[in-house]
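As the structure is a computational prediction, the values presented were derived from the model and not from experiment. Just follow the structure's listing: the first ligand is 1, and inside any ligand the first atom is 1. Hydrogens, waters and symmetry mates play no part in the numbers below; they use all other heavy atoms, side chains included.
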Amino acid sequence: MFAAFSKSLSATRTLQINKAVLSESLRFSLCNKDTKRDYHEVVGDVLTPSQVMGIDHLRDPRLNKGLGFTLAERQALGIHGLQPARYKSQEEQLELCKISIENYQEPLNKYLYLSELHDRNEKLFFRLLSENIEQLLPIVYTPTVGLACQRFGLIYRRPHGLFITINDKGHVYDVLRNWPEPDVHAIVVTDGERILGLGDLGACGMGIPIGKLALYTALARIKPHHCLPICLDVGTDNEALLEDPTYIGLRQKRARGAEYDEFLDEFMAAIVKRYGQDTLIQFEDFGNANAFRLLEKYRNKYCTFNDDIQGTAAVALAGLLASNRKTGKKISEQVFLFFGAGGAALGIADLCVKAMEREGISEAEARNRIWMMDIDGLVVKNRSHLLGHQTFYAKDHSPEKDFLKLVNEIRPSVLIGASATGGAFTPDILHAMASINRHPIVFALSNPTAKAECTAQQAYDHTEGRVIFCSGSPFPDVNYDGKVYHPGQGNNAYIFPGVALGVILAGIHHIIEDYFIIAAQTVADNVKEEDLAKGSLYPPLGYINECSLQIASLILKDAYKNGKATVYPEPEDKRKFLESKLYSHFYEDSLPKTWTWPESPKIKTRPLQRKTKTTVT
Ligand SMILES: NC(=O)c1ccc[n+]([C@@H]2O[C@H](COP(=O)([O-])OP(=O)(O)OC[C@H]3O[C@@H](n4cnc5c(N)ncnc54)[C@H](O)[C@@H]3O)[C@@H](O)[C@H]2O)c1
Ligand SMILES: O=C(O)C[C@H](O)C(=O)O
Ligand SMILES: [Mg+2]
């Protein structure tokens with residue numbers, strides 16, 4: 001049936017094959033140049049994506065549409081016969097994906113399914129994720145991503161980001177040149193030392209930048225090929241991993257001191273050399289000894305922020321602003337006790353101080369309202385070693401390790417857990433909070449789920465249901481006294497995608513604290529009365545996309561007003577401008593514009609078919 005047709009196309013086919021080979025080699029040669037131009041743009045000079053022919057088209061996750069190629073597209077692209085006859089619209093494919101996911105019982109298997117889909121069909125993956133945030137966020141992100149990192153050595157399949165090791169010192173730029181995308185705008189980087197609350201996972205921490213960047217696209221529609229996940233493998237101090245035969249990283253202790261610092265300096269400079277000075281670099285899950293130091297060192301030199309410090313601060317502030325509507329109190333009227341005094345806690349404390357100053361109290365008064373406890377007990381002035389900003393909150397008090405005693409003495413109205421210590425908010429602690437406050441505010445921010453300081457149900461059960469609660473990881477609905485509550489997720493996922501979008505599109509060079517206050521206020525403003533009534537301090541997860549666009553628009557506005565934007569001319573309508581730059585997860589037409597059916601093929605042709613349940617014959 002196809003013989004004559006094939007013959008008539010044979011000349012074209014040779015050309016197609018040559019083009020396919022050309023497209024691949026072009027991609028690599030382009031990528032090895034110091035160019036910031038888009039692969040698809042550059043390829044467009046010679047070949048459009050619709051001219052990446054034959055099986056290469058199906059193997060490229062950016063171009064693949066599964067069975068969503070029409071008969072005409074299959075003919076034109078030279079993929080006819082490489083797929084079964086059935087045509088399936090993207091909507092039909094989404095339904096199948098949902099059924100497949102439901103068929104897997106274990107969250108890690110769902111994660112693997114989605115990861116494989118990401119590798120195979122990018123638009124389908126992102127549409128599935130974006131349209132099912134509530135169900136799928138816990139799979140591609142916290143908490144399942146934590147499990148994926150713990151098993152990373154077993155589940156690693158294909159490159160999704162760059163591993164740069166300490167042995168590459170002196171050659172970091174060369175390694176960056178191996179990344180096949182020349183137009184990167186955003187990087188999420190980890191050195192794997194503090195992966196969620198799971199500790200040092202070394203190179204297995206790579207799951208975190210991959211997950212965070214998937215949210216850049218799913219929650220802020222930043223183009224996936226503009227994003228690059230990086231793991232800096234400087235070794236690990238995790239003895240179990242060093243002995244684990246499945247471990248995929250360098251089998252050596254962590255580099256520290258000058259060697260580490262020089263490596264990080266080289267990395268930052270290499271990013272700028274390769275991708276330009278406005279490339280956003282998000283630091284994620286570094287150990288606290290490095291997190292603060294590196295933020296201070298680089299924040300005014302590079303376009304960078306630390307999500308665990310600054311993104312977390314903003315999401316917690318958003319929750320506190322929303323809780324004002326329940327308590328009737330301002331932030332500057334609250335008394336805070338932090339359980340955990342590391343990156344997350346100090347970031348939150350610093351941003352709360354700024355918010356309190358805006359409400360009219362002095363910095364010193366604001367700091368006085370904040371107490372902190374860490375693994376060594378209450379943060380007090382006469383400690384021999386205080387970490388970074390801990391000095392701001394250290395009190396004139398005798399050392400004290402008894403948490404319950406401190407709660408009863410300090411009488412906090414807000415208790416914030418960021419200690420990675422599951423169950424630290426015991427029933428006694430929660431009872432004490434309820435006896436001190438009409439509406440105790442309790443945030444159990446530690447991730448993943450098992451590390452949360454208490455569960456949502458415990459928080460309600462031990463405070464007579466009067467608690468104002470959120471947690472970093474999702475919890476099932478709470479049943480208390482015949483009522484069902486749906487507590488929100490105080491997770492920096494509400495913040496970093498929107499901040500990143502605004503920063504990238506305005507070409508901002510330095511990310512100032514004001515942007516995190518803007519982000520916090522925006523999220524809080526999007527909390528509806530019905531959310532509060534359900535027990536949530538946040539808009540539903542499915543609403544993050546809209547929050548991100550609002551955050552980005554406001555950052556753009558602020559950046560142009562204050563001379564921080566570098567993309568000119570200034571767009572008049574900021575929202576319209578950013579919407580014009582967003583990623584589309586819908587399938588696009590793959591038919592070359594000039595393509596027509598060959599004359600008199602001995603094949604039964606039909607008009608271009610786009611209806612569902614069509615069969616290609
Ligand atoms: N919800 C979110 O968006 C979010 C964001 C960032 C971090 N986190 C979570 O917060 C936790 C901490 O992150 P981080 O970046 O601050 O880590 P970190 O290592 O910088 O700080 C941890 C802090 O907890 C303290 N701590 C540990 N054990 C303790 C104990 N038994 N009693 C009292 N204090 C104890 C440590 O001394 C340290 O001060 C992690 O579980 C992380 O996943 C959540
Ligand atoms: O990754 C998360 O879920 C939030 C946060 O960045 C963390 O490190 O726990
Ligand atoms: Mg983190």
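Looking only at protein heavy atoms, the nearest one to atom 3 (O) of ligand 1 is Asn492 N, 3.0 Å. Protein heavy atom closest to atom 30 (C) of ligand 1, with residue, atom name and distance, is Thr421 OG1, 3.7 Å. Scanning all protein heavy atoms for the shortest distance to atom 1 (N) of ligand 1 gives Gly490 O, 2.9 Å. The shortest contact between atom 9 (O) of ligand 2 and any protein heavy atom is with Asn447 ND2, 2.8 Å. Atom 22 (C) of ligand 1 has Ala418 O, 3.8 Å as its closest protein atom, hydrogens excluded (heavy atom only). Atom 5 (C) of ligand 2 has its closest protein heavy atom at Asn492 ND2, 3.5 Å. Here the protein heavy atom with the shortest distance to atom 3 (O) of ligand 2 is Thr142 OG1, 2.3 Å. Ile375 N, 3.5 Å is the protein heavy atom nearest to atom 35 (C) of ligand 1.
For Thr312, no nitrogen or oxygen atom sits less than 3.5 Å from a nitrogen or oxygen atom of ligand 1, counting backbone and side chain alike. Annotation: Phe339 places no N or O atom under 3.5 Å from an N or O atom of ligand 1; distance criterion only. An N or O contact shorter than 3.5 Å is missing between Gln390 and ligand 1 by distance. Between Ala345 and ligand 1, no N or O atom pair is found at a separation short of 3.5 Å. In terms of polar-atom proximity, defined here as any N/O pair under 3.5 Å, Gly472 makes no such contact with ligand 1. Checking only distances, Met373 never comes within under 3.5 Å of ligand 1, N or O to N or O. Taking any N or O of Asp308, backbone or side chain, none lies under 3.5 Å from an N or O belonging to ligand 1. Residue Val315 has no N or O atom closer than 3.5 Å to an N or O atom of ligand 1.
Tyr216 does not carry Lys223 over the face of its six-membered ring by the limits of under 6.0 Å from the centre and within 45° of the normal. With a 6.0 Å cutoff to the six-membered ring centre and a 45° limit on the axis angle, Arg221 does not count as a cation-pi contact of Tyr583.
Against a heavy-atom cut-off of under 4.0 Å, Ser446 is close to the following atoms of ligand 1: 9 (C), 10 (O), 11 (C), 41 (O). Distances below 4.0 Å separate heavy atoms of Ser419 from the following atoms of ligand 1: 24 (O), 26 (N), 27 (C), 28 (N), 35 (C). Residue-ligand proximity, Ala341 to ligand 1, at heavy-atom distances under 4.0 Å covers atoms 23 (C), 38 (C), 39 (O). Numbered from 1 in the order shown, with element, the atoms of ligand 1 that lie under 4.0 Å from a heavy atom of Asn288 read 18 (P), 19 (O), 20 (O), 21 (O). Close contacts of ligand 1 with Ala344, meaning ligand atoms under 4.0 Å from a residue heavy atom, involve 6 (C), 7 (C), 14 (P), 15 (O), 16 (O).
Taking 4.0 Å as the cut-off between side-chain N and carboxylate O, Glu116 and Arg158 do not count as a salt-bridged pair. At a threshold of 4.0 Å, the pair Asp261-Arg293 counts as salt-bridged, since one of the basic side-chain nitrogens sits closer than that to a carboxylate oxygen. Salt-bridge formation is not detected for the pair Asp191/Arg256: no Lys NZ or Arg NE/NH1/NH2 atom is positioned less than 4.0 Å from an Asp or Glu carboxylate oxygen. Taking a cutoff of 4.0 Å between a charged side-chain nitrogen and a carboxylate oxygen, Arg127 and Glu122 do not qualify as a salt bridge.
Distances from the Mg ion (ligand 3) to the N/O/S atoms of Asp285 are shortest for OD1. Looking at Glu284 and the Mg ion (ligand 3) together, the shortest N, O or S contact belongs to OE2. Residue-level check: among N/O/S atoms of Asp308, OD1 sits closest to the Mg ion (ligand 3).
Aromatic rings of Phe403 and Phe339 (six-membered ring for Trp) have centroids within the 6.0 Å cut-off, being under it. The aromatic ring centroids of Phe263 and Tyr260 lie 6.0 Å or more from each other. In summary, the aromatic rings of Phe126 and His585 are positioned with their centroids too far apart to meet the 6.0 Å limit.
Residue Lys354 qualifies as open at atom NZ: its count of foreign heavy atoms under 6.0 Å is 12 or below.
One finds the CD1 atom of Ile348 at 10.0 Å from the CD1 atom of Ile370 (value rounded to the nearest 0.5 Å). Annotation: the span from Ile281 atom CD1 to Tyr275 atom OH amounts to 11.5 Å, rounded to 0.5 Å. Rounding to the nearest 0.5 Å places CZ of Arg369 at 7.5 Å from OG of Ser413. Rounded to the nearest 0.5 angstrom, His118 NE2 and His160 NE2 are separated by 5.0 Å. Note that CD1 of Ile187 is 9.0 Å distant from CE of Met268, once rounded to the nearest 0.5 Å.
Contacts between Asp374 and ligand 1, counted as non-hydrogen atom pairs separated by less than 4.0 Å, involve both the backbone and the side chain. With a 4.0 Å cut-off on non-hydrogen atoms, Thr312 does not touch ligand 2 at all. Counting heavy atoms closer than 4.0 Å to ligand 2, residue Val145 contributes nothing at all. Within the 4.0 Å heavy-atom criterion, neither part of Ile208 lies near ligand 2.
Between His431 and His462, the ring-plane angle classifies as perpendicular under the 30° and 60° cut-offs.
In this structure, Arg194 is part of the shell of residues with a heavy atom less than 4.0 angstrom from ligand 1.
Applying the side chain to side chain contact (heavy atoms under 4.5 Å, CB included) test between Ile208 and each of Asp285, Thr142, Val188, Leu201 identifies Asp285 as the sole match.
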